[in-house]
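Working notes, structure below.
Sequential numbering from 1 along the given sequence is applied to the chain's residues. Since the model is a prediction, treat every value here as computed from it, not as a measurement.
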Amino acid sequence: MGAHCVQQHCLQWIVEASPRCQPQTCPVLATDSSSSTLGSGLVARSLPEEPHLIRGQWSCPPLRVSSRPRFLQLFLPGCTAIYSRNNQAGNDRGAQQSATVANPVPGANPDLLPHFLVEPEDVYIVKNKPVLLVCKAVPATQIFFKCNGEWVRQVDHVIERSTDGSSGLPTMEVRINVSRQQVEKVFGLEEYWCQCVAWSSSGTTKSQKAYIRIAYLRKNFEQEPLAKEVSLEQGIVLPCRPPEGIPPAEVEWLRNEDLVDPSLDPNVYITREHSLVVRQARLADTANYTCVAKNIVARRRSASAAVIVYVDGSWSPWSKWSACGLDCTHWRSRECSDPAPRNGGEECQGADLDTRNCTTDLCVHTASGPEDVALYVGLIAVAVCLVLLLLVLILVYCRKKEGLDSDVADSSILTSGFQPVSIKPSKADNPHLLTIQPDLSTTTTTYQGSLCPRQDGPSPKFQLTNGHLLSPLGGGRHTLHHSSPTSEAEEFVSRLSTQNYFRSLPRGTSNMTYGTFNFLGGRLMIPNTGISLLIPPDAIPRGKIYEIYLTLHKPEDVRLPLAGCQTLLSPIVSCGPPGVLLTRPVILAMDHCGEPSPDSWSLRLKKQSCEGSWEDVLHLGEEAPSHLYYCQLEASACYVFTEQLGRFALVGEALSVAAAKRLKLLLFAPVACTSLEYNIRVYCLHDTHDALKEVVQLEKQLGGQLIQEPRVLHFKDSYHNLRLSIHDVPSSLWQSKLLVSYQEIPFYHIWNGTQQYLHCTFTLERVSPSTSDLACKLWVWQVEGDGQSFNINFNITKDTRFAELLALESEGGVPALVGPSAFKIPFLIRQKIISSLDPPCNRGADWRTLAQKLHLDSHLSFFASKPSPTAMILNLWEARHFPNGNLSQLAAAVAGLGQPDAGLFTVSEAEC
């Protein structure tokens with residue numbers, strides 16, 4: 001047999017040769033198109049078949065495409081056989097192969113089949129970083145990747161050839177990159193996989209399949225630990241269900257920010273369900289516990305749960321009886337110290353002193369003489385005179401006061417509604433006294449009504465006393481005033497400004513955005529506030545063009561009346577102009593700080609009319625399907641469907657003391673400390689993005705920096721104030737200038753919800769200018785409620801490790817998006833889904849099943865009242881998941897309905 005050369009290639013072609021073929025030169029085969037040239041004039045076209053092994057030396061006229069022959073074998077003079085696979089491909093394609101599969105050439109040496117030194121492995125795409133897949137085989141002359149049944153282009157392969165040092169066989173290593181966009185193109189219909197195929201002169205070998213998945217970790221925990229109070233030696237169970245994620249999140253527990261390691265403490269262990277169990281509670285177990293979930297994408301922290309281990313007091317044994325005294329009694333005592341009550345445990349019941357009569361020689365019995373009687377009569381006379389003198393003084397004082405003007409302009413401030421008052425110390429040398437900025441006495445929001453009775457028991461007694469917040473008044477005179485308008489002229493100006501607001505708004509502010517929209521719809525967003533307005537397609541009539549705005553208001557700028565136990569739970573948001581004609585509901589999204597529970601809250605959506613009055617337009621839980629307004633309430637956000645634009649706010653009315661609001665606690669301190677004094681500011685905000693944004697902007701102006709990770713505190717409607725205290729300050733380095741053991745923020749300042757920047761300041765003084773390390777503890781708690789503790793340990797001159805926690809994230813780019821760019825779902829796919837799922841289906845494969853898969857089945861009656869229920873469901877999905885929505889999950893939900901139309905989820909390039 002004459003000399004010959006060898007060509008192996010990864011092709012999906014079946015060819016039939018002409019008998020006039022003569023050996024001349026080796027062809028060069030191309031693999032990156034559906035029609036390729038084999039050497040001199042040889043053409044083959046792509047068919048859905050497995051690759052071939054072609055070896056030999058020839059020159060042929062053009063070849064024609066054959067129709068799936070069972071077997072192909074060409075004999076050329078001076079060449080070896082040209083081999084094509086027989087018709088066993090159908091069996092191979094039917095199996096899901098995850099291991100290496102060999103396909104030898106008949107008659108070839110099986111020892112020379114390629115075997116893989118490195119095979120592709122399962123990987124995760126983190127954010128937008130592409131992943132690298134590697135294959136390495138010996139002996140191998142060609143290696144190509146196939147992903148989801150399609151061959152990867154040759155130009156996308158990075159190839160390195162070498163020779164095995166021990167066997168002298170050819171070795172090849174091939175690498176490809178897989179991007180997030182490639183995986184997302186699958187649209188959730190199946191998992192994305194890749195494998196490589198290697199060739200040698202003896203046949204082909206397939207590697208195992210590697211699955212590429214997009215990694216993520218949701219923000220909200222499915223279940224968070226709750227605060228507990230347990231007695232000594234009682235068991236503790238803190239449940240935790242981490243957020244959904246790929247790969248699944250690993251869970252660890254923190255005790256006061258220190259890692260809980262069961263291997264070091266046999267008294268604790270973590271269950272398979274990630275719950276933390278303490279077998280027997282000890283005093284050292286009193287701490288804040290935090291559940292931490294993490295994977296390769298992110299690290300999430302649950303709300304901290306304060307666990308208090310208390311000890312009930314018990315009496316010590318009685319002491320011996322004392323000697324009998326001159327009064328003919330003796331006594332014995334005991335102490336509540338065996339053990340003493342700790343951490344709020346119950347005090348001992350009963351008396352600590354026992355007295356009994358006795359008779360001994362020391363007991364002297366005497367009778368009262370005339371001198372004693374005279375003494376008692378004299379004392380009684382003096383007491384009567386003093387009482388009469390006191391009564392005269394009181395009468396004189398009352399008559400004088402009737403002719404004087406009172407310093408209190410309106411005394412109802414102490415009965416009907418506690419209005420915040422700006423109290424400033426008169427002495428300049430007391431800078432350490434509590435200050436709450438800004439001046440809260442200038443607010444215009446009124447809290448109306450008296451304390452309301454509870455449904456779950458008798459009304460608790462609530463006493464307004466002058467605590468340390470109101471005590472340092474100095475020697476001056478102070479006057480309390482209502483903030484409501486006192487003249488008809490002011491009332492007229494207020495109404496006029498309200499009406500003008502709806503006609504023109506100032507532009508260019510950071511809390512406002514606007515855009516021009518037509519029937520294609522769009523989206524408005526106020527960055528870093530969680531506030532957006534989704535305008536679905538066809539919400540604006542065809543032929544109409546509207547300029548629409550979205551504005552966030554400061555609570556002190558809007559007069560929102562609150563009565564009884566009502567409290568503001570959301571920002572006050574305007575969208576307009578009011579009165580425009582809409583044919584579909586738009587969706588207004590905004591954060592809220594309530595812990596929604598039907599047994600604890602009565603939630604209402606309020607809307608301001610053009611005359612300035614506020615009306616209840618929606619009572620959540622009692623919506624009518626044909627109503628103009630509808631609301632989807634979630635753990636931290638609400639989505640309002642409305643066909644009328646205007647000014648909205650979410651207000652809650654507490655039904656029991658279990659009703660709670662989420663407060664965000666933030667600690668700020670100066671970036672640079674140029675004096676001996678160092679101020680730590682503790683902010684107590686609504687747990688909403690807009691409140692956080694305002695404080696961050698304020699602290700940037702003040703030159704402050706975050707010194708601890710923010711915490712969440714659940715503030716209950718129990719009429720108890722919020723207390724703040726600082727502990728364990730090293731006296732050799734620092735001195736606290738606080739004169740009292742703790743500071744307080746009144747209950748109504750927080751519960752009203754209309755005051756910004758509520759905070760307390762702790763002033764510390766360095767003993768030496770060289771002192772830079774600060775270590776202490778700061779506690780924030782509600783009396784008889786939830787609490788949080790901060791372990792402060794940092795260098796005040798150079799520690800900036802928490803600054804990046806408040807880096808404001810961009811929310812999808814520009815504040816206004818118009819047309820298809822404002823939506824995650826492509827327009828043509830959206831139309832196909834709507835037309836397929838709107839008509840009722842006997843098998844249940846319609847919009848109702850889609851609502852159940854997306855956990856929206858509680859709103860079926862509202863969706864059914866609209867012309868297109870599917871459009872309402874997709875609009876709500878767009879509002880909830882922009883800009884980070886997972887289209888793959890939505891596609892999986894739609895594909896699981898079993899619709900017979902296979903082209904439902906794809907569009908052609910021509911349609912795009």
Under the 3.5 angstrom rule, does the side chain of His689 hit a backbone N or O of Met590 as a donor-acceptor pair?
no
Does one side chain, of Glu184 or Tyr192, offer a donor that lies under 3.5 Å from an acceptor on the other?
no
Could you verify whether a donor N or O on one side chain and an acceptor N or O on the other, from Thr290 and Ser302, lie under 3.5 Å apart?
no
I'd like to know if the side chain of Ser821 and the backbone of Leu817 have a donor-acceptor N/O pair within less than 3.5 Å.
no
Gap separating the OG atom of Ser532 from the CZ atom of Arg523, nearest 0.5 angstrom
6.0 Å
Do you know which two heavy atoms are closest between Lys824 and Leu887, and how far apart they sit?
O-CD1, 3.5 Å
Between CZ on residue Phe882 and CH2 on residue Trp877, distance to nearest 0.5 Å:
10.0 Å
How far does CG of Leu588 sit from CG of Leu605, to the nearest 0.5 angstrom?
8.5 Å
Neighbour count above 12 (heavy atom, 6.0 Å) for Lys716 NZ
no
Drop me the distance from Asn220's CG to Arg300's CZ, to the nearest 0.5 angstrom.
9.0 Å
With a cut-off of 6.0 Å (strictly less than), are more than 12 heavy atoms of other residues, nucleotides or ligands near CD of Glu250?
no
How about Gln608 and Arg647: does a side-chain donor come under 3.5 Å of a side-chain acceptor?
yes
With side chains defined as the heavy atoms from C-beta onward, is the minimum distance between Ile212 and Ile125 less than 4.5 Å?
yes
Between Cys638 and Cys631, is the SG gap short of 2.5 Å?
no
Specify whether Trp751 and Phe715 have parallel, tilted or perpendicular ring planes, treating 30° as the upper limit for parallel and 60° as the lower limit for perpendicular.
tilted
So, using disulfide (SG to SG under 2.5 Å) as the criterion, who are the partners of Cys593 when residues are at least two apart?
none
About how many Å separate CZ of Phe862 and OH of Tyr629, when rounded to the nearest 0.5 Å?
12.5 Å
Main-chain N/O of Ile825 paired with Glu878 side-chain donor or acceptor, under 3.5 Å:
yes
Are any side-chain N or O atoms of Arg662 and backbone N or O atoms of Gly594, one a donor and one an acceptor, separated by less than 3.5 Å?
yes
Please tell me if the side chains of His553 and Ser574 come closer than 4.5 Å, counting only heavy atoms from C-beta onward.
yes
Please report the interatomic distance CG(Leu685) to CG(Leu692), rounded to the nearest 0.5 Å.
7.0 Å
